[in-house]
Structure formats: structure tokens, C-alpha cells
Enquirer: 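Before I ask anything, let me first share the structure, which is written out below as C-alpha cells.
Labels below follow one simple rule: chain letters A, B, ... track the order of the sequence lines, proteins then strands, and each chain is numbered from 1. Nothing here was measured: the structure is a model prediction, and the numbers come from that model. Both backbone and side-chain heavy atoms feed into the values below; hydrogens, waters and symmetry mates do not.
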Number of protein chains: 2
Amino acid sequence: MILEKKKIFNDFATSKGLRSTRQRDIILDIFLSTHQHVSVEELYLKIKFSNPGIGYATVYRTLKLFVEAGLAREILLHDGQTRYEHIVAGEHHDHLVCTGCNSIIEFEDETIEKLQNEIAARHGFMIKSHKMEMYGLCAACRQ
Amino acid sequence: MILEKKKIFNDFATSKGLRSTRQRDIILDIFLSTHQHVSVEELYLKIKFSNPGIGYATVYRTLKLFVEAGLAREILLHDGQTRYEHIVAGEHHDHLVCTGCNSIIEFEDETIEKLQNEIAARHGFMIKSHKMEMYGLCAACRQ
DNA sequence: TTGCTTTTGATATTCATTTTCAGTTACTGG
DNA sequence: CCAGTAACTGAAAATGAATATCAAAAGCAA
């Protein structure tokens, strides 16, 4: 699956006439090794650890490329930090965000997806992406 | 309905020991006269027109109070501007955002709401709020 | 390798939002 | 009604995430 994603990125790079660089390889590797919802800061620190010398701006730039390539998606929570999550082809999940401990639970619901498409169609919309977030207290924080 | 909202804010202010000020009254009035999804900038300009002298910071501060009071909700789109929308008790709507012309269509779907509650329950979550946004091209922009 | 173009890293910049702080205003007790 | 005190305001400075700039470095085609 990781190889598959690397291929997606390489194909994207080729089609765009982008060059293949050490930095982009490293950033992709590390991004793919992370869990969902990395903030740029988190990713940058992780990269810096094994590869000092890679600059902040490059991480930003490269993440934007991942979004363009369809590998990642930007998500905005309410802490002022943009996060990036992995896109898995044919799969879409949404988020339960605990406002107590900031943990995030993912879920997927086919029925909701279908309803979303119906609603979009009803309004003449052509949907490219969507997101859904539910805020509340997780089981642990309710106590 | 407007009076009702003013009462909600007054009650909130009283319970929090906040003072009643001319500025807050004006900002609430103008906020209530806006449509959905005002950015701070938009609101500030509108306020400035009839009430020069009211400062940017006060508008920011006051909008946060409206959120606390349950009158407004912050929404984050992808243009770097925080927007505020009205909360109508017992009603919840979601958004279709056109990435072509930035227009926003609102919709409401009871079935989705129900599904969300079921999902939350399944995960032991107590939901406080949620949001759903679908991005794509509206009918006009598809052409 | 040469020459050209993209990419990078450090830094400066931008822009939304928050903080600071001195002056002003609202409320409370007398 | 007045004075004291604490909250509120406005202007300006500060912050912090994200972007732009630019000289140096690196990829790529011939």
C-alpha cells in the first residue's frame, strides 16, 4: 500500500513535470509512516529528527503537493493548526472529535455517504470532497 | 426571534457577570441583521459604517461571547477566514460549498442527523455539536 | 559536463487573530 | 447622586501559522 502511494505520487510528479528530489522522498516516507491527522508542526519535527536540514517551507510545499496528488487531505479543527490526513482510495471516513482530550475517532458510514450524494444531486452540485466532524465528549471524558 | 436572541445574550451576560455596553448591543444588533456565514471582516465593515469608533478587537471579542452564549457558531472554510453563523434552536443545517464561486448552500437532513446520533452512541460519545461540509461545483459553475 | 530550470532552506513577509495597556465606562455600596 | 472599583474598549503591538522571496544547490536533458 505504501508502494502504491509512492507510485501515485511519482505518476503525479511525472505528469506535472516535477523533479524527483531527496526531500520529497523523505517527506513522503515519513508522512506515510504517520497516523491520521498530522499537523505540519508534528510532521516537521519528526522529519527534523532523522533529517535535520530539511526546511519548514519545504514541508509545507510538499504537503500541498500530496493534496494535489490525491494522497492527503487538509483538515481544519479549531486549534488553528492545519492537519493532513491520508486518503485511502475508495474509503472515506469522518471524525468524532473529543473536546475533552482532543482524541479523534474515525468512522465510516455508507448510508451517510449515499445521503450526501443524493443531497448534492438535488442541488445540482458535483461533489469533489466532503467532511464531517462531530464534537463532544468521548466515553472516557464523560466521567 | 431577534428579541428572543437578545434575551439569551442578556441572560448569558448576567449569569457571567458581564456588563451591558453600547458596543455589545450594537454588535449584536448588526450580527442579527446579517445573513449566515459572516466573516469578522464583513461584520466589522458593516459595523464601522454606522458606528465608526468600534474597534476590531471588540468585534472579535464579542463574537466569541456570542459563541459562548450559544448564539453563534464558528465555521472554518478553506480561505483562512473564520466565519460566524447563527444558531437557531432546534435547527441544524450543513453546507454545500462551491469551490468555483465560493457560494454556500445550506441544507438540512433529518436522516443524517439521526445516523450521526446513532454513530456517536455506538462509540460512547456524547455529542455537543457537529458540522458537515461538502465541497464541489454548484450547478452554475459546472458549465 | 554544460546549461537551463526547478527546488531548497533561510529568512522576511503577510495576514488573521490575540494580547497589552492606558484611558473610559458600567455597576455597586454608601 | 457620588465615588470607588472592576470590567470594557480602542489602538497599537505581538503572536503564530502560512506564504513569498531569493540566492545557492540540485535534477535533468542534450
Enquirer: For B:Lys64, report the nucleic acid contact type (base, sugar-phosphate, nothing); a contact means any heavy atom under 4.0 Å.
Expert: sugar-phosphate

Enquirer: Under the side chain to side chain contact (heavy atoms under 4.5 Å, CB included) test, which residues partner B:Lys64, sequence neighbours left out?
Expert: B:Glu74, B:Tyr84

Enquirer: Check whether A:His78 reaches the backbone of B:Ile75 with its side chain - one donor and one acceptor, N or O, closer than 3.5 Å.
Expert: no

Enquirer: Hey, is the main chain of B:Ile112 close enough, under 3.5 Å, to the side chain of B:Asp109 for a donor-acceptor pair?
Expert: yes

Enquirer: Tabulated below should be each protein N or O lying under 3.5 Å from an N or O of nucleotides 6-10 of chain C; please produce it.
Expert:
residue, atom, partner, partner atom, Å
C:dT6, O4', A:Arg19, NH1, 3.2
C:dT7, OP1, A:Arg19, N, 3.0
C:dT7, OP1, A:Arg24, NH2, 2.5
C:dT8, OP1, A:Thr21, OG1, 2.7
C:dT8, O3', A:Gln23, NE2, 2.9
C:dG9, OP1, A:Gln23, NE2, 3.2
C:dG9, OP1, A:Gly53, O, 3.1
C:dG9, OP2, A:Gly55, N, 3.2
C:dG9, OP2, A:Thr58, OG1, 2.6
C:dG9, O5', A:Gly53, O, 3.3
C:dG9, N7, A:Arg61, NH2, 2.6
C:dG9, O6, A:Arg61, NH1, 3.4

Enquirer: Using heavy atoms and a sub-4.0 Å distance, could you list which residues of residues 79-86 of chain B are near DNA chain D? By number, please.
Expert: none

Enquirer: Output all residues satisfying ring pair (Phe, Tyr, Trp, His ring centres under 6.0 Å) with B:Phe12, sequence neighbours left out; order by chain, then residue number.
Expert: none

Enquirer: By salt bridge (charged side-chain N to carboxylate O under 4.0 Å, His left out), which residues pair with B:Arg142, not counting sequence neighbours?
Expert: none

Enquirer: Quick one about B:Glu42 and B:Tyr44 (side-chain donor to acceptor, distance below 3.5 Å, no hydrogens or angles considered), yes or no?
Expert: no

Enquirer: Which label fits B:His93 and B:His95: parallel for a plane angle under 30°, tilted from 30 to 60°, or perpendicular past 60°?
Expert: perpendicular

Enquirer: So does B:Thr58 get a backbone contact from the side chain of B:Thr62, meaning a donor-acceptor N/O pair under 3.5 Å?
Expert: yes

Enquirer: Tell me every residue that passes salt bridge (charged side-chain N to carboxylate O under 4.0 Å, His left out) with A:Glu106, counting only those two or more places apart in sequence or in another chain.
Expert: none

Enquirer: Partners of A:Phe125 by ring pair (Phe, Tyr, Trp, His ring centres under 6.0 Å), sequence neighbours excluded?
Expert: none

Enquirer: With a 4.0 angstrom cut-off to heavy atoms of chain A, pull out the first and last contacting nucleotide of DNA chain D, in 5'-to-3' order.
Expert: D:dA17 to D:dC28

Enquirer: Please identify each residue that fulfils side chain to side chain contact (heavy atoms under 4.5 Å, CB included) with A:Phe107, with sequence neighbours left out.
Expert: A:Asp94, A:Leu96, A:Met132, A:Met134, B:Ile119, B:His123

Enquirer: For the helix from C:dT1-D:dA30 to C:dG30-D:dC1, what angle lies between the axis at the first five pairs and the axis at the last five pairs, to 10 degrees?
Expert: 40°

Enquirer: How would you list, by chain and number, every residue that makes a salt bridge (charged side-chain N to carboxylate O under 4.0 Å, His left out) with A:Glu118, sequence neighbours excluded?
Expert: none

Enquirer: According to salt bridge (charged side-chain N to carboxylate O under 4.0 Å, His left out), who are the partners of B:Glu68, at least two apart in sequence or on a separate chain?
Expert: B:Lys16

Enquirer: For A:Leu76 and C:dT17, what is the distance between atoms CG and P respectively, to the nearest whole Å?
Expert: 12 Å

